[in-house]
Amino acid sequence: MKNWLKRVLVKYSNINQKPYCVRRKIEEEVGRNPGISFSELKESLGMANGQLQYHLRKAEVEKKDGGYVKKEVCQSCELKGLCDSNCIK
């Protein structure tokens with residue numbers, strides 16, 4: 001199969017997925033490759049710029065030192081990172 005056709009099929013296979021499935025894929029990819037850049041993430045997931053930007057804002061990832069990493073979650077309280085204390089360092 002031609003490369004351009006593979007890219008088109010991969011890109012449009014994501015269209016009908018539920019938003020939480022897309023975000024889970026983003027979180028898994030970032031977990032496997034901490035510090036991954038936006039363009040690398042876009043290429044590996046086969047997503048469009050706007051689609052990836054939207055889901056990155058909703059996913060449990062954050063930009064740190066030019067790349068994306070999973071958000072730190074508070075382990076010492078039940079609020080799981082939403083607390084105002086200094087649990088997360």
Item checked: Side-chain ion pair, E29 and R32, N-O less than 4.0 Å -> yes

Check: What are the two closest heavy atoms between M47 and K42, and how far apart are they?
Finding: O-CG, 2.9 Å

Note to self: If hydrophobic clusters are built from ILVMFWY residues whose side chains come within less than 4.5 Å, do V69 and I36 share one?
What the structure shows: no

Margin query: A side-chain contact here means heavy atoms from C-beta on lying under 4.5 Å apart; do F38 and L56 qualify?
Written below: yes

Next item on the list: Please round to the nearest 0.5 Å and tell me the distance separating atom OH of Y68 and atom CD of E27.
Entry: 13.5 Å

Notebook entry, point to check: How far does CD of Q51 sit from CG of L45, to the nearest 0.5 angstrom?
Noted result: 9.0 Å

Note to self: Measuring from atom NZ of K70 to atom CD of E28, what distance do you get when rounded to the nearest 0.5 angstrom?
What the structure shows: 7.5 Å

Item checked: Atom of I26, atom of H55 and distance for their closest heavy-atom approach -> CD1-CB, 3.5 Å

